[in-house]
Amino acid sequence: MKTAKRIFLILTIVCAALAAVLDITALCMQVQVSGERLLTMDSRMGYLLAVSYRWVTLAAVIFTVAAAALVVAYILSRKKRKRESV
C-alpha cells in the first residue's frame, strides 16, 4: 500500500512541475505573439509561435487543472489517513 502512495505522490509532483513549466512557456509565448513583436520576428520562429501558442496555452491549462486536482486528492487522502490513525 505504501508503494501506491509513493507513486501517487511522485505523479502529483511530476504533474505539478510539468504544469509550472508549461505555464511559464505559455506566458512567454503569449508575450512574444502579442503586439508588433510577431511582425519584427524571424519568419520561421514567428510562424512556429503563431501556430503553436494556442495549443501550448491549452495544454498548460489542462495540466494546471490536473495538478490542482491531484494535489487536492493527495491532501484529502492525508487527512483521511490521519483521522483513521487517531
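From a predicted model like this one, the values you see are computed outputs, not experimental measurements.
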In the hydrophobic clustering that connects Ile, Leu, Val, Met, Phe, Trp and Tyr at side-chain heavy-atom distances below 4.5 Å, which members other than [X] occupy its cluster, ordered by chain and number?
| X | value |
| --- | --- |
| Ile7 | none |
| Tyr47 | Val51 |
| Val14 | Ile10 |
| Val31 | none |

How many angstroms lie between [atom1] in [X] and [atom2] in [Y], if you round to the nearest 0.5 Å?
| X | Y | atom1 | atom2 | value |
| --- | --- | --- | --- | --- |
| Leu48 | Met29 | CG | CE | 6.0 Å |
| Ser52 | Leu58 | OG | CG | 12.5 Å |
| Tyr53 | Cys28 | OH | SG | 15.5 Å |

Taking side chain to side chain donor-acceptor pair (under 3.5 Å) as the cut-off, I'd like each qualifying pair that reaches into residues 57-67, sequence neighbours left out, listed once. Asp23-Thr64, Gln30-Thr57
Tell me, please, which residues at least two apart from Thr12 pass side chain to side chain donor-acceptor pair (under 3.5 Å). none
By side chain to side chain donor-acceptor pair (under 3.5 Å) - contacts of Gln32 (at least two apart): none
Of all residues at least two apart in sequence or in a different chain, which pass the side-chain contact (heavy atoms from CB on, under 4.5 Å) check with [X]?
| X | answer |
| --- | --- |
| Val21 | Thr25 |
| Leu11 | Leu70 |
| Leu27 | none |
| Leu18 | Leu22, Phe63 |

So which heavy atom on Ala67 is nearest to which on Ala16, and how close? CB-CA, 3.8 Å
